[in-house]
Amino acid sequence: MIRHEVAALLAYVDSLDPTRAPLDRPAAEERLNQWCAVLAQVAATAPHPEGRHWDASQAAFRHITTSPYPIKPSDVSRPWADFRRDVLSRHSDPVPNVDPDDETAYRTAIAAQRRAIETGQAMATPRALMPAGSREERDQAAAKRLKQFGSYVPRSVVDALASQRPGMTERRRLAVAGQADPFNVACPWGACRASIGQKCQTAGRPRHDFHDARLTAAATARQEQPA
């Protein structure tokens, strides 16, 4: 709240409880400065996604009508903190219209959206548990949402996964190049054709033993060596 908004709020408070109004101008100025310092981050009015909009004057009215104690600026700032927390808990960040690969710009856009909601300049985007309409309409909405996101994966995520999984990265590179997968080796023990990652079905071999690409390739090489 800016200074003239705080002054208007104090005038409203004095009209509700004139017995506690300051008696001279210096006292009024001191009280105004105190309230401005506390309410600097409090919005005069703010929207709520469910219609329970914020009004600082209503917070002051509720305190004066329900509490026997003199009103303080914290009696307005505390309800505002509860209101802001409730609004942000119901908010779902929309995708900002910036390059997702630019992490700094993306974070700045998200922070600006939340800051606008915190200060009452924008309405929160509520989280919907289930879209309205028929099943067909929900399926169409889901397809439209998937089309909006597409199959995009940030380059930073791809690079991080590639550094942690070099084997999978190499297999993906060979698949893109149209080359054979060197790790896709059939089981050398008998007639079992279980692929890598599945349990071996060869008689006499424990069923809990999974195929390992490197071990399978090494065993195949040993079998091909002359006796």
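Because only heavy atoms are used, hydrogens play no part in the values below, and waters and symmetry mates are left out as well, while side chains stay in. From a predicted model like this one, the values you see are computed outputs, not experimental measurements. We number each residue from 1, following the sequence as shown.
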Measuring from [X]:[atom1] to [Y]:[atom2], what's the distance to the nearest 0.5 Å?
{"X": "Asp75", "Y": "Arg78", "atom1": "CG", "atom2": "CZ", "result": "5.0 Å"}
{"X": "Lys72", "Y": "Gln34", "atom1": "NZ", "atom2": "CD", "result": "12.5 Å"}
{"X": "Trp54", "Y": "Thr45", "atom1": "CH2", "atom2": "OG1", "result": "10.5 Å"}
{"X": "Leu9", "Y": "His4", "atom1": "CG", "atom2": "NE2", "result": "12.0 Å"}
{"X": "His63", "Y": "Ser74", "atom1": "NE2", "atom2": "OG", "result": "8.0 Å"}
{"X": "Ile64", "Y": "Asp17", "atom1": "CD1", "atom2": "CG", "result": "6.0 Å"}

State which residues pass side chain to side chain contact (heavy atoms under 4.5 Å, CB included) with [X]; sequence neighbours excluded, sorted by chain then number.
{"X": "Leu23", "value": "none"}
{"X": "Asp82", "value": "Arg85"}
{"X": "Pro22", "value": "Asp14, Ala27, Ala28, Arg31"}

Expected output: side-chain Thr65 to main-chain Arg62 donor-acceptor under 3.5 Å: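 Judged by distance alone, yes, a pair lies under 3.5 Å.
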Atom CZ of Arg25 with >12 non-hydrogen neighbours under 6.0 angstrom: no
Crowding at CZ, Phe61 (>12 non-hydrogen neighbours, <6.0 Å): no
Non-neighbouring partners of Glu30 that pass side chain to side chain donor-acceptor pair (under 3.5 Å), sequence neighbours left out: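 Not a single residue meets the side chain to side chain donor-acceptor pair (under 3.5 Å) criterion with Glu30.
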Partners meeting salt bridge (charged side-chain N to carboxylate O under 4.0 Å, His left out) with Asp102 (sequence neighbours left out):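 Counting only residues at least two positions away or on another chain, Asp102 forms no salt bridge (charged side-chain N to carboxylate O under 4.0 Å, His left out).
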Qualifying salt bridge (Lys or Arg N to Asp or Glu O under 4.0 Å) pairs, either residue in residues 2-12, two or more places apart: Arg3-Glu29
Side chain to side chain, Trp35 and Leu10, heavy atoms closer than 4.5 Å: yes
